[in-house]
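Along the sequence shown, residues are numbered consecutively beginning with 1.
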Amino acid sequence: MNTSTLIAPPVLVQRAEKHDTKAIQALDSAHFLHPFTDHGDLATRGARVITHADDIYVWDSEGQKILDGMSGLWCVNAGYGRKELADAAYRQMMTLPFYNSFFQTTNVPAVQLATKLAQLAPQVGGRRFEHVFFSSSGSESNDTNVRMARRYWDLMGQPQRKVIISRHNAYHGSTMAGASLGGMSGMHAQGDLPIPNIVHIEQPYFFENANPGESRADFGIRAARWLEEKILEIGPEKVAAFIAEPVQGAGGVIIPPETYWPEIQRIVDQYGILLISDEVICAFGRLGHWFAYEKFGYRPDMVTFAKGVTSGYIPLGGVMVGDRVARVLIDKGGEFNHGYTYSGHPVACAVALANLELMEREGLPQRVREDTGPYLAERFAELNRHPLVTEAETCGFVAGLVLVKDKARREMFDPGLAVGMICRGHCFRNGLIMRAVGDRMIIAPPLTMSRAQIDEMMALIVRCLDATMAELASSGLLA
């Protein structure tokens with residue numbers, strides 16, 4: 001008898017509207033060490049308890065409905081409550097919940113997903129992506145990139161090529177290698193980071209780094225040439241790769257000028273180094289394309305992915321490996337002594353397949369590229385009229401603005417005032433999740449957001465900016 005017919009299908013769990021918030025907070029404080037958290041401060045404040053979600057909204061334990069302008073953590077691309085993703089996980093758990101990919105074994109969802117990703121990855125300039133190495137996160141994927149890039153050069157007879165160049169204020173994960181690749185000074189201050197042979201150049205942030213009177217186009221070329229200067233300083237024969245996010249995410253949605261990436265491509269081609277595109281945030285429709293390198297027209301050798309591949313419903317990451325690297329590893333490499341227990345996890349891969357099929361069916365990348373992305377850009381640019389705001393800009397479905405004390409003089413607030421966190425507090429109190437990176441406020445909403453919901457979000461943003469300005473004025477912090 002087929003016992004699977006006796007198993008009840010998944011059903012939606014009834015959602016309780018109220019929870020004992022203080023009891024949950026007490027247990028949280030007693031037992032749960034959170035990422036990137038001052039736990040002493042958290043114990044005093046108490047964690048916000050999120051209990052359920054649907055569409056683009058989440059609810060907390062006090063029943064407050066909150067518009068999630070950050071897609072969880074840049075990842076819930078298809079929105080909350082997608083039953084087809086839960087069904088895919090359930091079916092796979094009842095068929096094969098786990099088996100490893102070591103010892104010359106495989107599983108059907110992993111093979112199918114690798115094939116699907118190879119089909120979705122566009123060829124730019126003849127560069128093909130036909131192979132995938134799976135992990136469970138972007139951090140693990142970037143650790144893989146370090147191992148893979150250095151192994152490539154070993155096999156090419158150039159073992160001295162070990163240095164990987166990244167950018168200041170970049171984020172590439174929080175493992176030892178990932179945090180080293182990233183350019184966050186706060187992370188480097190803990191744990192003796194970066195590890196050897198990882199160095200950094202300045203980020204292409206026009207607002208902070210442009211010269212007076214310099215055009216965005218000229219700045220983009222000058223910023224790209226910081227890479228060339230670093231390569232020549234180190235010695236081209238020692239450089240393995242350059243890693244960068246197409247648009248810097250956790251650094252504050254730093255959108256490079258259009259001239260930046262073409263010049264980066266010229267430089268890596270001239271010196272023969274590998275180019276790694278970290279698309280943990282930017283892939284799977286976030287910028288209006290399946291992969292962001294297509295939007296900017298460059299030709300990476302490896303592409304880091306995670307987050308949006310499953311819309312955050314279950315952990316999965318990986319590296320798209322271009323033919324230049326893959327052929328050397330396969331044809332010359334023998335055993336590649338690297339991998340993870342959960343590489344190609346069948347349940348994660350099944351959910352990813354269902355998610356990508358959903359995104360194709362609903363045309364989410366195209367929708368962001370041609371409809372809702374341009375509309376968000378139009379509405380978000382209106383914020384430049386607000387007295388507190390400058391540099392309000394978007395790229396697809398990411399956006400950022402800078403809070404300033406005096407727009408005419410481009411005078412910033414004292415960093416010690418933490419004006420961004422003041423604004424973030426008003427956002428939460430008014431039912432909006434908007435992230436603060438210093439005094440830069442950023443969003444990355446679910447790709448399913450409609451025009452009407454964009455209008456709803458924009459009204460909330462204006463309300464929160466007004467509340468922030470009123471608080472600053474009442475405290476004597478504004479003229």
Side-chain angles (χ1 to χ4, degrees), residues 48 53 55-60 62-74 76 79 207 247 249 252-255 286 367-368 371-414 417-479:
R48 181 180 296 272
D55 191 16
I56 66 168
Y57 307 97
V58 298
W59 282 260
D60 67 18
E62 297 299 294
Q64 183 184 18
K65 180 181 179 181
I66 308 168
L67 190 153
D68 184 4
M70 281 304 301
S71 301
L73 198 59
W74 317 88
V76 188
F207 179 72
V247 170
V253 182
I254 307 302
I255 304 168
R286 176 61 57 189
R367 181 176 166 188
V368 168
D371 179 19
T372 53
Y375 186 66
L376 175 63
E378 176 187 328
R379 292 301 321 277
F380 204 78
E382 296 171 7
L383 297 174
N384 283 308
R385 298 198 293 263
H386 195 279
L388 275 185
V389 173
T390 190
E391 298 291 315
E393 56 182 346
T394 71
C395 184
F397 250 42
V398 294
L401 59 85
V402 181
L403 301 175
V404 289
K405 185 175 182 178
D406 188 308
K407 291 177 69 166
R409 295 185 298 176
R410 293 169 68 93
E411 181 185 355
M412 302 296 292
F413 290 98
D414 182 337
L417 297 175
V419 170
M421 293 303 291
I422 293 173
C423 184
R424 179 178 178 271
H426 284 292
C427 289
F428 265 119
R429 285 188 286 276
N430 284 281
L432 171 67
I433 295 173
M434 194 175 188
R435 184 171 175 177
V437 180
D439 287 349
R440 191 167 171 87
M441 304 301 298
I442 60 176
I443 57 169
L447 309 188
T448 53
M449 180 178 270
S450 67
R451 286 186 172 222
Q453 289 171 328
I454 290 173
D455 292 339
E456 177 188 357
M457 179 178 67
M458 295 306 303
L460 287 171
I461 291 173
V462 171
R463 182 188 306 170
C464 297
L465 290 170
D466 288 345
T468 301
M469 187 168 66
E471 179 176 341
L472 294 172
S474 66
S475 302
L477 300 175
L478 285 175

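With sequence neighbours left out, the side chain to side chain contact (heavy atoms under 4.5 Å, CB included) criterion links Val247 to Val253, Ile255, Pro256, Cys282, Leu287, Phe296, Cys395, Val398. Looking at residues two or more places apart in sequence or on another chain, you find a side chain to side chain contact (heavy atoms under 4.5 Å, CB included) between Thr394 and Leu376, Ala377, Phe380, Ala399. Every residue two or more places apart in sequence or in another chain that forms a side-chain hydrogen bond (donor to acceptor under 3.5 Å, both in side chains) with Arg409 is listed here: Asp406, Glu411.
Of all non-hydrogen atoms in Phe207 and Val404, the two that sit nearest each other are CZ-CG1, 4.4 Å. In plain terms, the two heavy atoms of Val368 and Arg286 that are nearest each other are CG1-O, 4.1 Å.
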Inset, instruction - Evaluate the side-chain contact (heavy atoms from CB on, under 4.5 Å) criterion for residues Arg410 and Lys405: first the C-alpha distance (whole Å), next the side-chain angles of each, then the deciding distance (0.1 Å), finally the verdict. - result: CA-CA 8 Å; Arg410 293 169 68 93; Lys405 185 175 182 178; over 6 Å; no

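Note on residues 437-448: pairs passing salt bridge (Lys or Arg N to Asp or Glu O under 4.0 Å), not counting sequence neighbours, are Glu393-Arg440. For residues 443-453, the salt bridge (Lys or Arg N to Asp or Glu O under 4.0 Å) pairs, not counting sequence neighbours, are Asp371-Arg451. Within the structure, the salt bridge (Lys or Arg N to Asp or Glu O under 4.0 Å) test picks out the following pairs touching residues 375-384 (sequence neighbours left out): Arg379-Glu382, Arg379-Asp455.
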Show me the donor-acceptor pairs within less than 3.5 Å that the side chains of residues 421-436 make with the rest of the protein, sequence neighbours left out.
residue	atom	partner	partner atom	Å
His426	NE2	Glu471	OE1	2.6
Asn430	ND2	His426	O	2.8

Below 3.5 Å, can you tabulate the donor-acceptor pairs from side chains in residues 457-468 to any protein atom, sequence neighbours excluded?
residue	atom	partner	partner atom	Å
Asp466	OD1	His386	NE2	2.8
Thr468	OG1	Cys464	O	2.8

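Not a single donor-acceptor pair under 3.5 Å links the side chain of Thr390 to the backbone N or O of Val402. In this structure, the side chain of Asp55 does not engage the main chain of Tyr57 through any donor-acceptor pair within 3.5 Å. Distance alone, capped at 3.5 Å, is enough to place a donor-acceptor pair between the Lys407 side chain and the Val389 backbone. Under the 3.5 Å distance criterion, the side-chain polar atoms of Asn384 are matched with a main-chain donor or acceptor of Ala392.
Side-chain polar atoms of Arg367 and Thr448 form no donor-acceptor pair below 3.5 angstrom.
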